[in-house]
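Below you'll find the structure, written out as structure tokens, and then a few comments.
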Amino acid sequence: MINSFFNPVKELFRGLYITAKNSLKDNVTLLYPEKKKNMNKFFRGKIQYIKENCIKCKLCQRVCPSKNTIQIDKYYSINYAQCIFCGNCVEYCPRQALILTPNYELASENKNDLIFKEELI
Amino acid sequence: MYLFQEILLKYNFSDWFIFIAGLVFYFILITIFIIITVLILVLFERKYLAMFTRRIGPNRTGIRGCLQTIADSFKLLFKENIKPANAEQFLYFISPLIVFIPVILLWLIIPFTSESANYQSQISSFLFLAVLSIPVFGVLTAGCSSMSKYSILGGIRSCIQIISSEIPVSLVLVSVVIFTGTLDLNNIINFQSGIFLNWNIFPNILGFVIFFICSLIMMNRTPFDFPESESELVAGYHCEYSGMKFAMLFLAEYALTFVICTYMTALFMGGYNSPVGFYLADLFNLNNGFDYILKNIEQLFWISIKTFLLIMLIMWIRASYPRFRFDKTLELCWYILIPLAVFNLCVEIFIKYLRGIL
Amino acid sequence: MIKIREVDLFENLKRKFDIRIENCPRMFLDKGNELNSVQKDMKCIVKREYSAFDEHLTDDTELKCDTELNHIKPDIYLLRVKKEDIRQILRYLKNSEEYFFERLDCMVCCDRKKDLEIMYLLQSDKYNVKCGIRVEIDKKENQIATVSDIFSNANLEEREIYDLFGIKFINHPDLKRIFMPEDFVGHPLRKDFIIQRLN
Amino acid sequence: MEKILTDRMRINIGPQHPSTHGVMRMIVDLDGETVENVETVIGYLHRGMEKMAETSTYIQYLPIVDRIDYLSGFFCSYAYVNGIELLMDIEISEKSKYIRTITMELNRMASHLLWLGCFMMDLGASSPFFYTFIEREKILDIFENLTGNRMMYNYYTFGGVKRDIDKENLYAIKKFSDEFVFALKDLEELINYNPIFISRTKNLGILEKECAYAYSITGVNLRASGIKKDLRKDKPYLIYENIEFNVPISENKDVQARYILRIKELKESNKIVQQCIDWLLTNLNNKNIITDVKPLTLKPEGIAISEVESSRGLMQCIIYADGTLNPYRIKWRTPSFYNVQIINEISKGYLLSDLIAIFGSLDIIMPEVDR
């Protein structure tokens, strides 16, 4: 019976000990604006369009899951508001006209900042 | 307060005016002191909890986040007071005051230094307990008047909880009072003067543990924070309040924590006497009126250090335990704490008798 | 190795109800023309080696498989069943110790342009085998008896099918829409549902 | 004396509530504090996954699949990809099998860790939440270096895996799984025998065997009721045959049993990950991770039912393919859709705070329920 009383109390103090032990370890949080997390080269951030390589085969438009992020007619436009950064277009583009950049800060005030348009002659 | 009254005497106002001005001045002084301590306490809690979970805590405002609570309180002050449509206007408006004013009165009772101008009364320890149960009404009316199911549940829970924790607290208080012989807080503290060995905590260790658990329940701190348990009742009794009224409720909760901790130090850990028996101020023995103030400051220092130790323990508990179940707490209070308190009472009487013989 | 009586899996089931055991024919989805039935045997689905249950299945039973694939016995058996006696079959399959399909994995509904089809996927833990019972419901009077009292997990499942396909289940406890708001018109997963593309 | 007739209070733990993981509404009839009847309203997070499948090609649907159960994205993509591979009779190479198993087990650990954090937050303890998330961040960093994204991986394709695991990733995984043993021991000491935790979760929310079968509950909730049913053992897929791990079950069917089982599953997954690393480290030079399938012109036919033991239970992806570029119909059998239904059965007669604990212990997340 004694054990059934002192055991829980021992466990309570063990709980305190664990939190104390954790307080000595170093902090894990990252001060975001000052120190940024370094992304590796495979990170799927903003997609970049290179006009020279593009042969306008419209494959990227067909492969993109959200159906109308990339529009190719007179202009080549990518709508970053709708893009889900899945990397399908970059993977299936025959001429590597689209590359992935590790840039993930896409916040902007108005929506049409997010639409990237490039003149296609 | 007395200094202020002496200054007023020079300008020969009528004496009843001096008496009231003194009281008002002391009242304002205490509220400023409360607001400062609460600001420090809130910031300290967030930093202290952050330390436990390997975070940094608020560090954007001020040098390392020191102006955080000031920024919070300004935000709350200027926030729009949204009143729920079908809430009863008068009760909804009055209940934060019912919660906040008694907390300030509690501060008047506690003797911070030997010559502090607190309300000297023969039964100040019992008076503290009496005033302590007034905020319960505020919480209940706040909960029930804001007409939302969550706050009703929160209000009812907190009032049941505080009633069931008052009884063990008063029993333990009786045991301390028997041991020290007086009801007056000042005399209790003087009884414990000298080396820290003759603090009340050592002969009365069981009483201290019961008092500590019941004060956790009274302060609504984890593991007993039922009225505003986030995961169930969203925000409990103060979930319909915003702006200034919420600031008052929030302030009252932290002020209540600090006051109950000072009360515990006064009862068990020798309020303002220094643990080593003599005061640093006596060493300088400068005989003009200056050493009198130095001694007071040092006493204030000692009582706040001890309270801070207790508060750190309470926040440490908050970081590491889940919440109790509501009916288990009542079971704990009625089946375990009250019999223990009665047993502790008998132990105290026996020790008192033994001390009487030797 | 316990010797089990040589019996076809669904033999006594066939005695009670007239069902047509089939492998799911490859071209069962008609391209506008009539449903062309068993054209090419179909490699059914989850390839597993023999489980103890399949011991007594002789090669020449109804469940014919591709000759070159006979070393992989199909792990799921598809039965085409009439709409009326769906409840008796399910109750029989569930309670008889011989089959002991006591878990309804899920109910798959598919709009095959000509008619709607529900497949009840049952799973028996004792014999570690799956069976799919397919029922055809034509679009005019899309009604079928509910199964929620036999398998209580069919309750929400049937409400979802009612919500997305519009099949009414007779004496279902509370047939309401789950995903769509109450005043939503139409049933989205039907083939004739027009998607308003909003951009 | 006869029971005082108090009127019932109908409180709804509404869509916006801190402890419904996701968006779900529970209309609870309270008699005082005890729960009488819980009616769950779902459908707030319905994104039309199955309709989206009909209008997009096989390649387009691949990234969407991770979003069905965003906590365990690898399981959904495996179910989908395995279905297509069954239809097209594609055999995947040994190495990609190992890569798939290791990523899936790591994903199971990440999802269990998140469940542990949220469950403890429901019970009121705030610090375990941060400890579990510290560990989970390490797993997400590994996935980020491996697949390029923290939660939406798009890493499996038809016939294998998109990118090979190089040396740094493997050493990172090895370092993580060695340290994880100590971190988990800390967590267990903090929670396991804590009397408050035991009093909050002991014999609460009892799930009987018949009720589990009737509602076709799968996964840890089933195993907590004493039924030993794990797809990885009954029908071993990928490389679970030649990996030795055991499936923990417990008999006392309550919330605490589910907690203990999930902790044991974390340990089991850690063991599996360590065995996979040893094999992967030995043959680093074996590079064939993908069989050449022309994904763009994929035209499978027939019905496919591919199963996987996800972190929450049995997940099935039933694909009706009719030989065109678009799938004819894809049905997802997600385990949480069935776990949601038993809340009413097992939470009768308990207090309001117990209802939150029971709901937390079932490990239900809403994107899986509403698809």
Side-chain angles (χ1 to χ4, degrees), chain A residues 3-30 37-47 57-70 83-94 99-102 104, chain D residues 52-53 55-67 77 125-128 130-131 133-135 137-138 140-150 152-155 157 162-163 166 168-169 172 182-183 185-199 294-296 325:
Chain A
N3 204 352
S4 79
F5 172 72
F6 283 115
N7 223 353
V9 174
K10 184 162 71 61
E11 290 311 326
L12 282 178
F13 285 119
R14 185 199 296 268
L16 288 179
Y17 163 69
I18 296 287
T19 29
K21 197 168 76 172
N22 263 318
S23 68
L24 306 178
K25 295 176 186 155
D26 52 1
N27 293 337
V28 268
T29 47
L30 189 74
K37 192 170 149 69
N38 42 27
M39 294 297 159
N40 73 340
K41 60 183 184 325
F42 291 120
F43 181 72
R44 300 201 293 260
K46 198 171 177 180
I47 300 164
C57 64
K58 285 205 171 67
L59 192 56
C60 43
Q61 190 173 356
R62 241 187 308 120
V63 157
C64 181
S66 49
K67 309 286 185 295
N68 46 22
T69 25
I70 299 177
C83 171
I84 61 170
F85 305 106
C86 61
N88 259 0
C89 47
V90 169
E91 191 189 326
Y92 288 106
C93 176
I99 53 168
L100 282 166
T101 61
Y104 52 85
Chain D
M52 226 189 287
T55 55
S56 56
T57 68
Y58 286 99
I59 283 296
Q60 273 181 340
Y61 196 57
L62 195 60
I64 298 172
V65 155
D66 295 335
R67 283 153 174 79
S77 48
S126 58
S127 52
F130 295 105
Y131 300 151
F133 265 60
I134 291 167
E135 299 307 318
E137 282 309 307
K138 290 177 191 155
L140 294 187
D141 286 348
I142 294 167
F143 285 152
E144 191 178 306
N145 297 340
L146 188 63
T147 66
N149 198 313
R150 295 177 75 83
M152 306 299 159
Y153 307 116
N154 191 7
Y155 181 56
T157 55
K162 279 189 181 161
R163 191 176 303 121
D166 49 8
E168 300 85 22
N169 278 339
F182 303 110
K185 196 157 66 60
D186 263 5
L187 261 177
E188 274 194 275
E189 271 171 23
L190 180 66
I191 302 170
N192 255 359
Y193 304 108
N194 191 326
I196 303 171
F197 175 76
I198 290 174
S199 76
K294 282 173 281 309
L296 284 174
L325 269 178

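Within every chain, numbering begins at 1; the chains are lettered A, B, ... in the order of the sequence lines, protein sequences first and strands thereafter.
- Between chain D and the options A:R62, A:R44, A:E11, the largest number of non-hydrogen pairs under 4.5 Å is found for A:R44.
- Closest heavy-atom contact between A:Q61 and D:Q60: O-NE2, 4.3 Å.
- Note: A:Y17 OH to D:E189 CD = 7.5 Å, rounded to the nearest 0.5 Å.
- With a threshold of 4.5 angstrom between heavy atoms, A:Y104 does not approach chain D through any atom at all.
- Interface remark: D:S56 contributes backbone and side-chain atoms alike to the contact with chain A (heavy atom separation under 4.5 Å).
- The heavy-atom pair separating A:F43 from D:G148 by the smallest distance is CD1-O, 3.3 Å.
- Here the closest non-hydrogen pair linking D:T55 and A:K67 is O-CE, 3.6 Å.
- Only the side chain of D:I134 comes within contact range of chain A, judged by heavy atoms closer than 4.5 Å.
- Annotation: D:Y193, atom OH; neighbour count of heavy atoms from other residues, nucleotides and ligands within 6.0 Å does not exceed 12.
- Taking 4.5 Å as the limit, every side-chain heavy atom of D:L190 sits out of range of all side-chain heavy atoms of A:N22.
- In terms of heavy-atom pairs under 4.5 angstrom with chain A, the leader among D:N194, D:N192, D:N145, D:I191 is D:N145.
- Because its NZ or CZ atom is both nearer than 6.0 Å to the ring centre of A:F42 and within 45° of the ring axis, D:R163 counts as a cation-pi partner of that residue.
- Nearest heavy-atom pair across D:N154 and A:N88 is ND2-OD1, 3.5 Å.
- In this structure, chain A has a heavy atom under 4.5 Å from the backbone of D:Y153, while its side chain stays farther away.
- For D:D66, no part lies under 4.5 angstrom from a heavy atom of chain A.
- Around NZ of A:K25, the count of heavy atoms belonging to other residues, nucleotides or ligands within 6.0 Å exceeds 12.
- Across D:D186, D:L62, D:I198, the residue that shares the most heavy-atom pairs under 4.5 angstrom with chain A is D:D186.
- Neither the backbone nor the side chain of A:K41 comes within contact range of chain D; no heavy atoms are under 4.5 Å apart.
- Looking at D:L296, the atoms closer than 4.5 Å to chain A (heavy atoms on both sides) all sit in the side chain, from C-beta outward.
- Rounded to the nearest 0.5 Å, atoms CD (D:E137) and OG1 (A:T29) are 11.5 Å apart.
- Of the listed residues (D:R150, D:M152, D:M52, D:K162), the one with the most heavy-atom contacts under 4.5 Å to chain A is D:K162.
- Neither the backbone nor the side chain of D:P128 has a heavy atom closer than 4.5 Å to any heavy atom of chain A.
- When heavy atoms are compared at a cutoff of 4.5 Å, A:K10 does not approach chain D at all.
- For the options A:L16, A:I84, A:V28, heavy-atom pairs under 4.5 Å to chain D are most numerous at A:I84.
- Contact of the A:L12 side chain with the D:I196 side chain is registered, since non-hydrogen atoms from C-beta on lie closer than 4.5 Å.
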